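Read the structure below first, then the notes.
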Amino acid sequence: MSFPLLTATAALPAVGAVATAAVPAAQRTAAKWLALLVSLATLVLAIVVLVRFDPGGARYQLTESHAWISDFGVRYELGVDGIAVALLALTALLIPFIILAGWHDADPLETGSKRWRPTQGFFALILAVEAMVIISFEATDVFLFYIFFEAMLIPMYFLIGGFGDRAHAGSDEKAAAQRSYAAVKFLLYNLVGGLIMLAAVIGLYVVAGNFSLAEIAQARTNGSLHMATSTERWLFLGFFFAFAVKAPLWPLHTWLPNAMQESTAPVAVLITAVVDKVGTFAMLRFCLQLFPEASKWATPVILVLAVISIIYGALLAVGQRDIKRLVAYASISHFGFIILGIFAMTSQGQSGATLYMVNHGISTAALMLVAGFLISRRGSRLIADYGGVQKVAPVLAGTFLIGGLATLSLPGLAPFVSEFLVLVGTFTRYPAIGIIATLGIVLAALYTLVLYQRTMTGPVKPEVSAMPDLRARELVVVAPLIVLLIFLGVYPKPVTDIVNPAVKQTMSDVHKTDPKPAVEAAK
């Protein structure tokens with residue numbers, strides 16, 4: 001039997017989480033290094049998956065299938081297509097940077113404080129989230145996917161509620177109350193979405209008799225499985241609702257700004273750059289593949305919601321006074337672009353959406369982690385408390401600028417290519433929607449440049465006059481992300497070559513082809 005590479009990629013961080021949590025309380029540094037080494041080993045396995053994956057081969061590769069709950073048609077089935085491979089690699093890449101960036105975020109507070117940050121628990125929870133996200137990308141059994149789609153909420157709840165931002169203004173009691181509120185809101189929103197999805201998962205089993213994604217899709221293709229139109233639409237809505245909460249799509253987005261504001265910067269990156277990608281990924285893998293006719297039926301409404309997310313998120317980002325909330329609303333706008341690309345039902349749009357998931361993860365990680373370093377130095381999240389930082393910490397300001405320029409999709413940086421593909425793919429089928437969505441680009445330039453101008457330029461405020469520049473550990477975190485933003489901005493081919501075959505298969509699932517150009521090219 002061949003080596004179960006996909007299982008190992010998910011199991012390693014899971015075992016590492018248990019081992020990290022078991023490190024003796026006094027050995028905090030050992031726990032940190034163990035978590036970092038486990039995350040690096042997981043990255044090595046993800047690279048092996050990436051190397052062994054053949055974009056021109058079968059749709060799902062490196063597959064594993066074992067009986068699990070046979071009486072109910074549940075199997076332990078794993079497999080990856082090009083989209084899953086790209087997001088698995090993104091997850092494995094970001095976790096070591098998240099751990100390094102949060103190296104001191106769970107250290108004990110000052111002597112005499114009644115609060116204690118269990119270092120081992122903090123890093124164990126991060127590894128647990130990584131394991132659950134990875135297996136969510138790999139699962140080709142709907143029930144197996146659902147289990148980990150929901151299970152990842154538990155460690156995320158404790159990361160948000162138990163390890164809040166030290167820059168919080170106010171008493172310990174007030175800060176704890178706001179962290180608790182953000183964590184509970186995150187949990188309730190996602191639990192409601194998950195419970196609705198559970199009803200749809202059960203309904204799918206009643207109709208199909210099993211949970212295997214490949215078998216159900218094949219039965220739909222050869223005509224041996226027929227769903228009534230109303231049944232398919234209800235099942236689609238159950239799945240889509242849960243994914244739209246996770247994504248997050250307007251108006252199901254309101255948990256995100258609170259969660260990111262109250263989290264440490266690394267946990268905020270974990271939320272929006274890693275966990276939220278499961279929602280948009282699942283729209284491609286499950287909604288479009290299992291319910292192709294319902295997906296086309298719901299497309300007009302979803303496109304409108306996506307455009308609202310783009311404009312609404314960008315407008316609220318413009319008006320924010322809190323750095324983390326600004327990045328949160330910017331992410332809502334960006335997820336609107338991703339969902340727009342998915343449901344534009346064109347190969348350019350879906351390729352752009354998948355590429356956007358990868359690029360948004362890198363750009364948001366770069367911007368938010370540098371913002372976290374900035375906030376930890378000043379002790380405040382408020383934009384008004386900064387000014388003139390570029391004069392005293394030029395490297396920090398420069399990396400912050402590059403992260404911001406990537407957020408506004410500046411040509412030459414990675415998000416530009418993906419946003420361009422999404423807009424082109426949307427415009428070819430829905431020109432009015434594409435034109436409105438471009439307003440998000442203008443607003444992105446506004447909130448990003450205003451943020452930089454207010455924090456980094458102008459007179460040096462006394463409170464930041466002694467601010468140190470980025471340290472060696474922080475440079476190790478930020479520099480590779482900046483390099484990736486530039487590399488993928490000028491040469492996105494390595495990613496597009498992997499995802500494009502999977503996109504073509506998804507387009508085939510929904511029986512869609514790209515619209516012909518309105519004007520034929522001259523011969």
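This is a predicted model, so every value here is computed, not measured.
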Side chains of Lys461 and Tyr386, heavy atoms from C-beta outward: is any pair under 4.5 Å? no

Side-chain contact, heavy-atom cut-off 4.5 Å: His360 with Lys277? yes

Can you confirm whether Arg429 is buried at CZ, in the sense that more than 12 heavy atoms of other residues, nucleotides or ligands lie under 6.0 Å from that atom? yes

Where do Phe343 and Thr299 come nearest, in terms of heavy atoms and distance? O-CG2, 3.2 Å

For Gly434, does its backbone N or O pair with a side-chain atom of Thr426 as donor and acceptor, under 3.5 Å? no

Do Tyr329 and Leu315 make a side-chain contact, defined as non-hydrogen atoms from C-beta onward lying under 4.5 Å apart? no

I'd like to check Ile302 versus Ile339 (side-chain heavy atoms, cut-off strictly below 4.5 Å). Are they in contact? yes

Arg377 and Glu474 ion-paired at < 4.0 Å: yes

Determine whether Met467 and Leu374 satisfy the following criterion, side-chain contact (heavy atoms from CB on, under 4.5 Å), listing intermediate values before the conclusion. CA-CA 9 Å; Met467 180 178 289; Leu374 177 71; 3.8 Å; yes

Can you check whether Leu316's main-chain N or O pairs, donor with acceptor, with Gln320's side chain at less than 3.5 Å? yes

When every non-hydrogen atom of Ala353 is compared with those of Ile338, the smallest separation belongs to CB-O, 3.3 Å

When rounded to the nearest 0.5 Å, the distance separating CG of Leu408 from CD of Glu419 is 9.0 Å

May I ask you to check whether over 12 heavy atoms, not counting those of Arg473, lie within 6.0 Å of atom CZ? yes

Approximate separation, where rounding is to 0.5 Å, of Leu87 CG and Phe281 CZ: 7.0 Å

Within the structure provided, determine whether Lys32 and His104 are in side-chain contact (heavy-atom separation under 4.5 Å). yes

Can you see whether Tyr452 engages Gln390 through a side-chain donor-acceptor pair at a distance of less than 3.5 angstrom? yes

Thr91 side chain vs Val274 backbone, donor-acceptor pair below 3.5 Å: no

Which atoms form the tightest heavy-atom contact between Val358 and Leu90, and what is the distance? O-CD1, 3.7 Å

In terms of heavy-atom contacts, Gly193 and Ala242 come closest through O-CB, 3.2 Å

Side chain to side chain, Pro415 and Leu485, heavy atoms closer than 4.5 Å: yes

Find the distance between CD1 (Ile482) and CZ (Phe487) and round it off to the nearest 0.5 Å. 15.5 Å

Would you please say whether a donor-acceptor pair under 3.5 Å links the side chains of Thr448 and Thr407? no

Is Ile83 close to Arg285 at the side-chain level, that is, under 4.5 Å between some pair of heavy atoms? no

Supply the atom-to-atom distance Asp497 CG to Ser351 OG, rounded to the nearest 0.5 angstrom. 10.5 Å

Is there a ring pair (Phe, Tyr, Trp, His ring centres under 6.0 Å) between Phe243 and Phe149 once you walk through the steps? CA-CA 10 Å; Phe243 303 152; Phe149 180 81; 5.6 Å; yes

Is the backbone N or O of Val245 less than 3.5 Å from a side-chain atom of Trp255, with the two atoms forming a donor-acceptor pair by type? yes

Donor-acceptor pair, distance only, cut-off 3.5 Å: does the side chain of Thr346 make one with the backbone of Gly425? yes

Tested for ring-ring contact (aromatic ring centres under 6.0 Å, His included) against His253, the lone hit among Phe335, Tyr312, Phe186, Tyr189 is Tyr312

Distance-minimising heavy-atom pair for Ala92 and Ala46: CB-CB, 3.5 Å

Check whether any side-chain heavy atom of Phe163 lies under 4.5 Å from a side-chain heavy atom of Leu125, and answer yes or no. yes

Counting only N and O atoms by type, is there a donor-acceptor contact under 3.5 Å from the side chain of Lys324 to the main-chain atoms of Ser263? yes

For the pair Phe236 and Trp297, name the ring-plane relationship: parallel under 30°, tilted 30 to 60°, perpendicular over 60°. perpendicular

Minimum heavy-atom distance between Ala247 and Thr280, given as atom pair plus value: CB-CG2, 4.1 Å

